[in-house]
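All ligand and atom numbering here is 1-based and tracks the order in the structure. Heads up: numbering here begins at 1 and tracks the sequence.
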Amino acid sequence: MLELDGLSVTYRLASGDVPAVRGVSLSIAAGEAVGLAGESGSGKSTVALSILRLLPRTARIDGRILLDGEDVVAMNWGRLRAVRWSGASIVFQGAQHGLNPVRRIGDQIAEPLLVHRLASASQAAVRVRELLEQVGLPAWRARSYPHELSGGQRQRVMIAMALACSPQLIIADEPTTALDLMVQAQVLTLIRHLIASEDIALLMISHDLSVLADVCDRLAVMYAGRLVETGPAASGFKHPYSQALSAAFPTVGDPASRLAPRGLAGDPPDPAELPGGCSFHPRCPVALESCATSPVELRPAGDDRLAACVLVEEKC
Ligand code: ADP
Ligand code: MG
């Protein structure tokens, strides 16, 4: 459904180039759910935006992005417009900002259907009711304005919009990060249910690995613009960065982990000033001397897993 092949994105600013994404290769099969994790600034949103070419003009894309076999980078604007919403759609973090405050919810959900001429006005109204019910909102909510809904309900509306044109791929960039924990759990359950029942492929992005492990079949971890690990969600991480990232979140019900979160000291590097060798080496608890000078590529790490760490290879 989606194939990223050596994807690199560089923001070209007056102050210099920012290599935000560096050689990311990742594929998602039809109906598969893949999670993309990493700290803030690791390049996750840049990957998401590049898939539908929503990046600013300052961004240069290298490598290939194939959506259902078709090269997104080579598409003309007409084709790109057709693919947005109906081939693939995006759910962003801040639902509050994605909705127009002065238009009714129903009209906003119907808009992509009407713009893509997939439905007449009366067919769209029927589909809006169906979509609202699918995301757990009563049909009468179509007449509400965004301010009349809670944050979780607005995020459900965003999901309904993303589903409207029956895309084959949904990209969800931190869809639950702005929500409180209870609502987050409800929205995650909804997403899990929808992708299973509608056979939609999902690229779900979060800094929180536990959220991703809940929904996804496979996980990919990014650090400083590169993938450092990919593998099945059900088995444990091998890269020291992924291990530190998963340990950085306290376990609910375990006060010890909340009081003393293990994991990551320090900040991720500025992409404009990356350290040499493995980008993670200055923060890595088990780094060798050679990690400071020799870059490490992804390599097999057992059970369908790839990891970019010299130590991983030794262990397998
Ligand atoms: P994430 O989603 O993982 O937090 P982003 O993709 O938003 O990461 O950002 C990756 C890097 O690219 C960051 O260093 C960020 O500052 C930089 N960046 C993001 N958007 C822009 C932009 N429009 N112009 C310049 N730099 C950007
Ligand atoms: Mg982001």
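Checked by atom type and distance alone, the side chain of Ser50 pairs as donor or acceptor with a backbone atom of Val47 at under 3.5 Å. The backbone N or O of Ala30 lies less than 3.5 Å from no partner atom in the side chain of Gln168, so there is not a single donor-acceptor pair. With hydrogens and angles ignored, the 3.5 Å screen pairs a side-chain donor or acceptor of His116 with a backbone N or O of Pro112. Judged by distance alone, the side chain of Asp17 and the main-chain N or O of Pro19 form no donor-acceptor pair under 3.5 Å.
In this structure, ligand 1 sits under 4.0 Å from heavy atoms belonging to Tyr11, Leu13, Ala20, Glu39, Ser40, Gly41, Ser42, Gly43, Lys44, Ser45, Thr46, Pro56, Pro271.
For the pair Arg53 and Trp77, the cation sits on the ring face: its NZ or CZ lies under 6.0 Å from the ring centre, inside 45° of the axis.
If you run side-chain contact (heavy atoms from CB on, under 4.5 Å) between Leu227 and each of Leu306, Leu36, Val21, Leu4, only Leu36 comes through.
Because the distance cut-off is set at 2.8 Å, Thr46 fails to qualify as a neighbour of the Mg ion (ligand 2), as none of its N, O or S atoms comes that close.
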